[in-house]
Engineer: 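Please find one structure pasted underneath; my questions will follow.
Residue indices begin at 1 and follow the sequence shown.
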Amino acid sequence: MKKKMRGPLGAVIGRYPSSDGTTQIGGIIKHNRKCRDVAFLIIFIAFWVAMIVNSSFGFNQGNPLRLTYGLDYKGNLCGDEHADPSLRQLELKYWLNPNQVYQSGVKDSQFKLSNARSICLLDCPIPSEDSLNWVCDYPEGDIRLSKDDWIDRNYDYFEFLTPEMRNASLQLQGPCYPVIFPSVNVYWSCQFIARASNTSLRHWQQMGGVNINEDIVIDKSIHSFINSRSSVLKRYMADIGKSWPVLIVCGGLLPLFLSVIWLLMIRHFVAAMPWFTVALFNILIITVTMFYYLKAGWIGNDAISPIIGEHDPYIHVFGRELNHLRAVAILMTFVMVVSILTSIAIVRRILMATSVLKVAAKVIGEVQALIIFPIMPYAVLAIFYMFWISAALHLFSSGQVVQNNCNSNCCAYDLVSKKVNCDRCCGYSIHYTPHIAVAIFFHLFGCYWATQFFIACSSTVIAGSVASYYWARGETSPEIPFLPVFASMKRLMRYSLGSMALGSLFVSFVESIRFILESIRRKLKVAGTTPDSWFGKMGYHTSQGCWRCVEWTIKSVNRNAYIMIAITGKSFCRASAIATELIMNNILRIGRVNVIGDVILFLGKLCVSLSSAVFGFLMLDTHKYSSGHNKISSPLLPVLVCWALGYVVATLFFAVVEMSIDTIILSFCQDSEEHQGTAQYAPPLLIETLNDQNEMQRLTQ
């Protein structure tokens with residue numbers, strides 16, 4: 001059975017006689033095309049409609065302030081000026097009854113801290129040194145005080161209480177409660193310090209108050225609540241919202257500036273760029289690692305603290321965020337050591353990268369619109385990310401405020417009904433239904449698919465522009481449009497958006513499966529069900545490595561498929577087959593020249609993203625983000641987001657060099673195949689780079 005032969009690409013994208021003797025009419029890469037993979041474009045559009053509907057649910061139901069502030073016993077959000085009563089500026093959650101707090105921390109207790117009576121205050125109360133301070137419930141009913149007067153009196157109107165109210169207060173049923181324990185503002189909740197004031201406790205006992213437990217449990221109960229996994233996750237998400245100026249500067253503007261500078265330096269100082277990139281990468285990764293050491297408290301005295309505002313320097317409160325920073329610091333240490341050793345190992349190979357980058361620099365010099373073209377997908381992605389992050393914050397906070405169902409003793413004096421009420425005295429919580437988790441996962445998947453789609457479109461436009469340059473013999477030909485970038489963009493928009501949707505969906509699907517498998521692996525590890533035998537562990541880790549190899553291979557095939565789509569206008573699957581055949585037929589030629597160039601470009605992307613991370617650390621270390629309303633719980637997630645955004649921006653701009661190299665090499669291979677091993681359309685600099693025998697021998701070594 002004979003192998004089906006495809007026609008020569010040169011006759012399609014160039015302007016020379018084809019194998020049947022006819023001459024192709026038309027300009028470079030202008031031939032009969034038709035829309036490809038339309039079904040997947042329809043799926044992509046439908047997915048965007050679903051994304052908008054999903055986000056509108058978040059905007060309608062969510063409130064990002066829930067990620068920072070707690071609820072009072074009425075279900076109102078602290079700091080909400082629209083609550084009844086208005087809680088404007090009252091942002092700190094304070095638990096009134098110390099015995100309820102103690103009871104919630106006792107082992108096997110049925111009483112939950114969420115059912116303990118809590119109100120919102122302006123600051124955390126502290127015991128008096130010579131008397132007994134009180135914190136009273138919101139003034140209402142017969143208590144004729146305005147909210148401002150209540151705050152000015154330090155929340156104390158005990159002297160206005162009737163005998164019945166005073167007796168209820170001495171039973172810890174309100175409306176006033178004694179301040180026995182000092183408290184400190186820990187992430188907008190007043191955490192008790194289990195160190196009772198002897199003076200306040202003596203006054204309380206003299207007044208005939210009930211016994212108050214002084215055990216350390218009262219400290220641990222609130223501490224466990226503040227450091228629960230859900231609370232930490234909410235604070236991390238709130239950090240993103242608070243640090244939005246940092247994300248704009250360090251995740252958007254800075255990588256844009258650095259990427260353009262890097263492209264200009266490639267254009268004019270190509271010989272020095274590989275050396276400069278490797279050296280800068282090592283400096284930056286060491287700097288980022290040292291910042292993590294600083295914030296983890298292992299160097300200096302600048303460790304993150306969960307306490308907000310001024311406090312007793314002898315009070316130390318531990319936060320789970322510090323553990324996370326220390327874990328990342330250890331991970332970064334390992335990455336730093338491996339990176340430095342790897343960069344030393346590739347020093348002798350850097351000259352190879354210089355040869356390849358010279359070809360890309362030549363292309364950029366000839367098709368200068370390539371330098372500024374990535375600004376277009378950058379602007380689209382910037383608008384998308386602003387919408388996406390805002391929607392994500394609302395989705396993460398889109399639970400419903402519902403009253404708990406409890407059977408505990410939570411009786412409290414009701415100022416309106418003028419009696420102790422034991423009915424419906426349970427607290428309130430934010431209830432998250434399973435469909436919210438599905439909506440969040442859908443939102444995350446949509447972000448990754450959209451990002452891959454825009455990167456694919458950008459790469460394909462660049463590939464079409466560079467192919468125009470190659471098949472014009474590397475000269476500025478009148479046949480090439482004045483702006484080949486826009487000609488390539490027109491072809492993409494008209495014919496190949498469906499192929500972009502399919503290719504980006506393919507990568508996103510593989511990444512999603514890997515993410516799910518990784519989540520399952522971690523749960524199994526926590527549960528202690530990982531394989532115990534040597535053979536099981538080997539297979540366990542080998543499968544992870546194989547999956548990463550599959551992921552890398554798919555991304556590589558996709559990139560080359562986009563090139564062939566730009567050149568031939570074929571569907572995604574057909575273009576992938578053509579690209580794979582070309583690569584397999586010329587694997588030695590492509591591999592020797594291109595691998596080290598990809599390594600240098602990857603290090604360049606990391607330089608841009610690590611620079612974003614460094615400046616993110618510097619901005620987050622200012623007073624604005626270390627105290628007051630904008631205090632972040634940890635720089636970990638904002639810095640990680642800055643790094644990720646910086647990497648995406650660098651990918652858009654570095655694709656100019658990356659796709660230039662890959663497009664020219666694939667075009668060269670096809671050109672050689674169609675002309676018995678001698679490329680007819682290759683620019684002189686490329687022929688010199690690829691066909692010089694001494695260079696090939698050195699590359700082989």
Side-chain angles (χ1 to χ4, degrees), residues 51-95 112-116 118-122 138 147 185-190 225-226 228-248 308 321 385-404 426-444 446-447 625 628-634 637-638 641:
M51 277 277 289
I52 294 173
V53 173
N54 189 53
S55 300
S56 64
F57 164 79
F59 285 120
N60 184 46
Q61 299 291 330
N63 183 358
L65 292 178
R66 293 176 185 170
L67 301 173
T68 301
Y69 305 116
L71 303 175
D72 67 3
Y73 74 92
K74 294 185 176 183
N76 295 320
L77 182 68
C78 291
D80 184 5
E81 61 181 343
H82 302 295
D84 183 22
S86 174
L87 299 178
R88 183 174 179 270
Q89 295 184 335
L90 302 179
E91 299 169 339
L92 276 65
K93 182 173 182 175
Y94 177 74
W95 286 270
K112 304 299 181 183
L113 186 63
S114 59
N115 294 317
S118 60
I119 61 174
C120 303
L121 303 179
L122 187 63
Y138 303 126
K147 187 191 75 172
N185 181 358
V186 177
Y187 297 133
W188 311 104
S189 294
C190 293
F225 169 79
I226 294 174
S228 64
R229 290 185 178 180
S230 60
S231 297
V232 173
L233 178 60
K234 288 180 181 179
R235 288 198 293 272
Y236 277 148
M237 292 304 300
D239 290 343
I240 298 298
K242 294 175 183 177
S243 59
W244 64 266
V246 179
L247 302 185
I248 291 176
I308 300 174
E321 287 86 349
Y385 283 146
M386 286 189 285
F387 162 80
W388 185 88
I389 291 175
S390 178
L393 292 176
H394 283 81
L395 278 172
F396 268 90
S397 59
S398 59
Q400 292 184 338
V401 177
V402 296
Q403 189 168 24
N404 301 328
C426 302
Y428 285 79
S429 301
I430 300 176
H431 179 63
Y432 294 93
T433 56
H435 78 272
I436 295 178
V438 175
I440 291 173
F441 180 79
F442 183 84
H443 198 64
L444 293 172
C447 177
Y625 298 104
H629 293 81
N630 287 322
K631 177 180 170 66
I632 61 172
S633 64
S634 169
L637 195 58
V641 173

Engineer: Are the side chains of His443 and Trp388 in touch, meaning some heavy atoms are under 4.5 Å apart?
Structural biologist: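 In contact.
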Engineer: About how many Å separate OH of Tyr236 and CG of Leu67, when rounded to the nearest 0.5 Å?
Structural biologist: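 Atom-to-atom, Leu67:CG and Tyr236:OH are 14.5 Å apart.
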Engineer: So, does Tyr138 use its side chain to make a donor-acceptor pair with the main chain of Cys120 at under 3.5 Å?
Structural biologist: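 Yes; at least one donor-acceptor contact below 3.5 Å.
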Engineer: Compare every heavy atom of Leu393 with every heavy atom of Met237, then report the nearest pair and how far apart it is.
Structural biologist: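 Reported closest heavy-atom pair: O-CD2, 3.1 Å.
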Engineer: Taking Ser55 for its side chain and Met51 for its backbone only, find out whether a donor-acceptor pair lies under 3.5 Å.
Structural biologist: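 Yes, because the side chain of Ser55 sits within donor-acceptor range (under 3.5 Å) of the backbone of Met51.
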Engineer: Does Arg235 reach the main-chain N or O of Ser634 with its side chain, forming a donor-acceptor pair under 3.5 Å?
Structural biologist: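 A pair under 3.5 Å: no.
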Engineer: Is any side-chain heavy atom of Arg66 closer than 4.5 Å to one of Phe396?
Structural biologist: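 No, their side chains stay 4.5 Å or more apart.
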Engineer: Show the nearest heavy-atom pair for residues Leu90 and Leu122, with the distance to one decimal.
Structural biologist: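 Distance-wise, the nearest heavy atoms are CD2-N, 3.6 Å.
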Engineer: List for me each residue that meets disulfide bond (SG atoms under 2.5 Å apart) alongside Cys426, sequence neighbours excluded, and say none if there are none.
Structural biologist: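 Disulfide bond (SG atoms under 2.5 Å apart) check on Cys426 returns Cys406.
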Engineer: Mind running side chain to side chain contact (heavy atoms under 4.5 Å, CB included) on Ser633 and Asp239 for me, showing each step along the way?
Structural biologist: CA-CA 7 Å; Ser633 64; Asp239 290 343; 2.6 Å; yes
Engineer: State whether the side chain of Lys242 and the backbone N or O of Lys631 hold a donor-acceptor pair below 3.5 Å, judged by distance alone.
Structural biologist: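 Answer holds: yes.
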Engineer: Quick one: are Ile389 and Trp244 in side-chain contact, heavy atoms under 4.5 Å?
Structural biologist: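 In short, these two side chains do not touch, never coming nearer than 4.5 Å.
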Engineer: Distance from Ile430 atom CD1 to Leu77 atom CG, nearest 0.5 Å?
Structural biologist: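 The distance works out to 7.0 Å.
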Engineer: Which atom names give the shortest non-hydrogen contact between Leu92 and Cys190, and what distance separates them?
Structural biologist: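 Smallest interatomic distance, heavy atoms only, reads CD2-SG, 4.0 Å.
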Engineer: Which residue pairs pass the ring pair (Phe, Tyr, Trp, His ring centres under 6.0 Å) test with at least one member in residues 60-92, sequence neighbours excluded?
Structural biologist: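 Found Tyr69-Trp188.
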Engineer: How are the rings of Trp95 and Phe225 set relative to one another: parallel (under 30°), tilted (30 to 60°) or perpendicular (over 60°)?
Structural biologist: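 Answer is perpendicular, since the angle exceeds 60°.
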Engineer: Evaluate the side chain to side chain contact (heavy atoms under 4.5 Å, CB included) criterion for residues Leu247 and Tyr385: first the C-alpha distance (whole Å), next the side-chain angles of each, then the deciding distance (0.1 Å), finally the verdict.
Structural biologist: CA-CA 10 Å; Leu247 302 185; Tyr385 283 146; over 6 Å; no
Engineer: Pairs in or reaching into residues 392-404: which pass side-chain hydrogen bond (donor to acceptor under 3.5 Å, both in side chains), with residues at least two apart or in two chains?
Structural biologist: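 Listed once each, the pairs are Ser114-Asn404, Asn115-Asn404, Gln403-Arg424, Asn404-Ser429.
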Engineer: I need the Gln89 CD to Cys78 SG distance, nearest 0.5 Å.
Structural biologist: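 Those atoms lie 13.5 Å apart.
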Engineer: Please report the interatomic distance CD1(Ile436) to CZ(Phe57), rounded to the nearest 0.5 Å.
Structural biologist: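 It is 5.0 Å, given to the nearest 0.5 Å.
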Engineer: Just so I know, are the side chains of Tyr625 and Pro245 near enough to count as touching, which here means a heavy-atom distance under 4.5 Å?
Structural biologist: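 Yes - at least one pair of side-chain heavy atoms lies under 4.5 Å apart.
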Engineer: Are the side chains of Val246 and Pro638 in contact, using a 4.5 Å heavy-atom criterion?
Structural biologist: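 A side-chain contact is absent here, since even the closest heavy-atom pair is not under 4.5 Å.
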Engineer: Would you compute the distance between atom CZ of Arg88 and atom CG of Asp80 and round it to the nearest 0.5 angstrom?
Structural biologist: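 Rounded to the nearest 0.5 Å, the CZ-CG separation comes to 12.0 Å.
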Engineer: Quick one: closest heavy-atom pair of Gly58 and Leu395, and the distance?
Structural biologist: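 Shortest heavy-atom contact: CA-CD2, 3.8 Å.
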Engineer: Nearest 0.5 angstrom please: Phe59 CZ to Ile52 CD1, how far?
Structural biologist: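 The CD1 atom of Ile52 is 11.0 Å from CZ of Phe59, to the nearest 0.5 Å.
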